[in-house]
Amino acid sequence: MKADPQDQLRLLQVQDCDSRLAQLNHRNKNLPEAQALREAQQRQEQVHDDLVRAQTAASDLASEVARAESDVQQVRERMARDQKLLDSGEIADPKQLTSLQHELSSLVKRLADLEDVELEVMERQEAADNTVAALQQDQGDVDSRIAELVEQVDALRASIAHERAGVEAERSAATEGLPADLLGLYEKIRADHDGVGAAPIYRGRCEGCRLQLPPQEIEQARAAAVDEVLRCEECRRILVRTPESGL
Ligand SMILES: [Zn+2]
């Protein structure tokens with residue numbers, strides 16, 4: 001293939017733009033902030049699920065506490081009634097009196113048991129409320145972390161998009177008027193060779209595969225017409241001669 005030496009040099013500018021675009025795409029896809037955001041969003045879901053569970057448990061315990069309080073209250077009222085009856089002196093029948101005293105003493109024991117239950121349920125409720133409060137705190141923290149990360153990721157993506165638009169404009173200026181066959185060959189090689197289709201010879205080395213050209217190839221490059229499109233024998237990329245080629 002033949003191509004004007006200036007066009008061959010311009011291919012290096014196109015390559016430079018393409019390499020920068022590839023870097024920008026890679027950066028855009030691998031933003032650590034975006035990864036942190038995904039992790040924070042997973043954490044947010046987890047905290048949300050935990051919070052729903054904890055709130056359900058706390059609400060169940062609140063009902064249990066209310067039930068325990070009502071049980072205690074009922075026994076207290078019954079004891080007060082019995083005591084009042086006892087104190088009134090209205091019961092003359094000794095059997096009835098004994099039975100009432102029995103009932104009172106068994107109510108005292110029952111009250112103690114119920115108060116133990118009440119206390120235990122209240123302690124559990126307090127623990128559940130603390131869990132809810134801690135999870136609400138976590139939720140607030142993760143929400144603000146997400147808001148912060150969303151802002152960072154948006155800003156980074158906008159800056160990358162801006163940079164990309166600049167490089168794309170640079171690239172289209174560099175490709176303008178380039179022969180279609182040269183650009184086509186470059187694109188084809190670039191697609192198969194890790195995004196690098198054209199490379200300069202730098203001090204006798206192919207900058208595509210970074211291998212020193214064998215003396216015979218140097219000789220051929222030296223002898224080739226300036227408009228001859230050279231290819232690296234090793235990596236098959238287009239080789240462009242520059243003042244730094246060392247030929
Ligand atoms: Zn090479």
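In terms of heavy-atom proximity, C209 sits nearest to R237 at N-NH1, 3.7 Å. Heavy-atom minimum distance, L213 versus I201: CD1-CG2, 3.9 Å. Between V14 and A174, the shortest heavy-atom contact is CG2-CB, 3.8 Å. Residues T131 and A54 share a closest heavy-atom pair of CG2-CB, 4.1 Å. Nearest approach of R222 to G246, heavy atoms of both residues: NH2-O, 4.2 Å. Scanning both residues, L239 and Q8, for their nearest heavy atoms gives O-OE1, 4.3 Å.
No salt bridge links R171 with E168; every basic N to acidic carboxylate O contact stays at or beyond 4.0 Å. A salt bridge links K109 to D113: at least one charged side-chain nitrogen sits closer than 4.0 Å to a carboxylate oxygen. Here R81 does not pair with E77 in a salt bridge; the nearest charged N to carboxylate O distance is not below 4.0 Å. A salt bridge does not link E163 with R20: every distance from a Lys NZ or Arg NE/NH1/NH2 to an Asp or Glu carboxylate oxygen is 4.0 Å or more. A salt bridge links D7 to R10: at least one charged side-chain nitrogen sits closer than 4.0 Å to a carboxylate oxygen. Classification of E228 and R241 as a salt-bridged pair fails, no side-chain N sitting under 4.0 Å from a carboxylate O.
Between the side chain of Q212 and the main chain of R203, a donor-acceptor pair closer than 3.5 Å is present. Remark: the backbone N or O of C235 is paired with a side-chain donor or acceptor of H193 at under 3.5 angstrom. The closest donor-acceptor contact from the side chain of E217 to the backbone of E233 lies under 3.5 Å. Proximity of a side-chain donor or acceptor of Q15 to a complementary backbone N or O of A198 within less than 3.5 Å is detected. Checking side-chain atoms of D4 against main-chain N and O of Q6 turns up a donor-acceptor pair under 3.5 Å. With hydrogens and angles ignored, the 3.5 Å screen pairs no side-chain donor or acceptor of Q125 with any backbone N or O of S63. Between the side chain of S88 and the backbone N or O of E90 there is at least one donor-acceptor pair closer than 3.5 Å. Not a single donor-acceptor pair under 3.5 Å links the side chain of S99 to the backbone N or O of K95. Proximity of a side-chain donor or acceptor of R164 to a complementary backbone N or O of L21 within less than 3.5 Å is not detected. The main-chain N or O of P94 is found under 3.5 Å from a side-chain atom of T98 such that the two form a donor-acceptor pair.
Two residues are said to be in side-chain contact when any heavy atoms from C-beta on lie closer than 4.5 Å; Y186 and L178 fail this criterion.
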*Derivation of the side-chain contact (heavy atoms from CB on, under 4.5 Å) call for E103 and R78*: CA-CA 10 Å; E103 183 177 291; R78 177 83 179 270; 2.9 Å; yes
*Check the pair D50, D138 against side-chain contact (heavy atoms from CB on, under 4.5 Å), reporting the backbone distance first and the verdict last.*
CA-CA 10 Å; D50 289 351; D138 286 356; over 6 Å; no
*Can R231 and L185 be said to form a side-chain contact (heavy atoms from CB on, under 4.5 Å), step by step?*
CA-CA 11 Å; R231 303 276 296 271; L185 177 65; 3.7 Å; yes
*I would like to know whether R124 and E120 meet salt bridge (charged side-chain N to carboxylate O under 4.0 Å, His left out); could you show each step before the answer?*
CA-CA 6 Å; R124 278 164 56 208; E120 186 257 339; 3.3 Å; yes
*I would like to know whether Q55 and Q136 meet side-chain contact (heavy atoms from CB on, under 4.5 Å); could you show each step before the answer?*
CA-CA 10 Å; Q55 279 168 332; Q136 278 167 338; 3.7 Å; yes
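V108 and L86 fall within the same hydrophobic cluster, defined by Ile, Leu, Val, Met, Phe, Trp and Tyr side-chain heavy atoms under 4.5 Å apart, directly or through other members. Under a hydrophobic-cluster definition in which Ile, Leu, Val, Met, Phe, Trp and Tyr are linked whenever side-chain heavy atoms come within less than 4.5 Å, directly or via other members, V226 and V240 are assigned to different clusters. Both L182 and L12 are members of a single hydrophobic cluster when ILVMFWY side chains are connected at heavy-atom separations under 4.5 Å. When the side chains of ILVMFWY residues are joined at heavy-atom separations under 4.5 Å, either directly or via intervening members, L85 and L107 end up in a single hydrophobic cluster. At a threshold of 4.5 Å between side-chain heavy atoms, the hydrophobic network of Ile, Leu, Val, Met, Phe, Trp and Tyr places V229 and L11 in one connected group.
Remark: M122 CE is loosely packed, at most 12 non-hydrogen atoms of other residues, nucleotides or ligands lying under 6.0 Å away. The neighbour count for N130 CG, taken as heavy atoms of other residues, nucleotides or ligands under 6.0 Å away, is above 12. The number of heavy-atom neighbours closer than 6.0 Å to CZ of R110, taken from other residues, nucleotides and ligands shown, is 12 or below. For CD of E151, the number of neighbouring non-hydrogen atoms (other residues, nucleotides, ligands) closer than 6.0 Å is 12 at most. More than 12 heavy atoms of other residues, nucleotides or ligands lie within 6.0 Å of NZ in K2, so this atom counts as buried by the packing criterion.
Rounded to the nearest 0.5 angstrom, H26 NE2 and L31 CG are separated by 10.5 Å.
Looking only at atom types and distance, the side chain of R38 has no donor-acceptor partner in the side chain of Q41 under 3.5 Å away.
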